[in-house]
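Here the structure comes first, spelled out in structure tokens, and everything after it is commentary.
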Amino acid sequence: MDLLDWHRGRLSSRRLAVLVKHMPRDSALTRALESDAAEWTVTDYLLAAAVDHLAAANWMFASVNTDEDSDPPEPPVPVPRPGDQRAASDEEPEAPSAQEAPSRTELMRFFT
């Protein structure tokens, strides 16, 4: 398809808008507009969520089953997603503060 057809009057503005709106995810326009998000499909987002939930469950299990005298395990760091501020920066991702993470007794109270 020649885009000059729009200028020549052979392609309507509505048809051009529909073609642009429904471009494939791997098109150059979509990659330019969405950058890394164009690479991620719904399956990729669901897989990242599953990994995050599994890491959180493992962390909770380890927190509940550690001795009270030992230090609690570090909370898990979520999988970086496109558009995430941590993914854009070159710094190490910050672990949640102690106020955000529940204590061992709070986890035990939740699960009993």
Side-chain angles (χ1 to χ4, degrees):
M1 171 168 295
D2 189 5
L3 290 179
L4 286 176
D5 286 345
W6 178 77
H7 179 70
R8 295 178 187 133
R10 297 183 203 147
L11 182 66
S12 69
S13 296
R14 181 175 184 270
R15 176 73 176 146
L16 180 61
V18 167
L19 290 172
V20 169
K21 183 177 180 181
H22 296 288
M23 291 210 125
R25 295 195 62 76
D26 60 346
S27 68
L29 177 67
T30 305
R31 287 177 190 254
L33 293 176
E34 296 182 19
S35 64
D36 291 339
E39 299 287 326
W40 280 54
T41 63
V42 173
T43 306
D44 295 327
Y45 282 104
L46 289 173
L47 185 59
V51 168
D52 288 344
H53 285 89
L54 184 60
N58 288 337
W59 173 77
M60 283 188 243
F61 180 81
S63 296
V64 169
N65 292 310
T66 56
D67 294 332
E68 290 186 27
D69 299 335
S70 64
D71 292 334
E74 292 289 323
V77 177
V79 174
R81 289 159 174 81
D84 193 2
Q85 296 301 333
R86 285 173 288 173
S89 69
D90 293 337
E91 302 171 3
E92 283 286 318
E94 289 182 18
S97 67
Q99 293 177 348
E100 293 175 7
S103 68
R104 180 180 189 277
T105 55
E106 291 173 331
L107 285 172
M108 287 187 68
R109 199 174 331 134
F110 177 78
F111 285 108
T112 55

Is the side chain of D67 donor-acceptor paired with the backbone N or O of D69 at a distance under 3.5 Å, no angle test? no

In terms of heavy-atom contacts, does CZ of F61 have more than 12 from other residues, nucleotides or ligands at under 6.0 Å? no

Are L11 and V20 connected, step by step, through hydrophobic side chains (Ile, Leu, Val, Met, Phe, Trp, Tyr) whose heavy atoms are closer than 4.5 Å? yes

Heavy-atom closest pair, residues A48 and W40: CB-CZ3, 3.9 Å

Under a 3.5 Å distance rule, please check whether D44 uses its side chain to pair with a backbone N or O of T41 as donor and acceptor. yes

Is the closest side-chain heavy-atom distance between L19 and M23 below 4.5 Å? no

Hey, could you give me the CZ/CG distance between R8 and D2, rounded to the nearest 0.5 Å? 5.0 Å

Check: W59 main-chain N/O paired with S63 side-chain donor or acceptor under 3.5 Å: yes

Between R81 and D52 (salt bridge meaning N to carboxylate O under 4.0 Å), is one present in this structure? yes

Linking I/L/V/M/F/W/Y whenever their side-chain heavy atoms sit closer than 4.5 Å, directly or via other members, would L16 and L33 fall into one cluster? yes

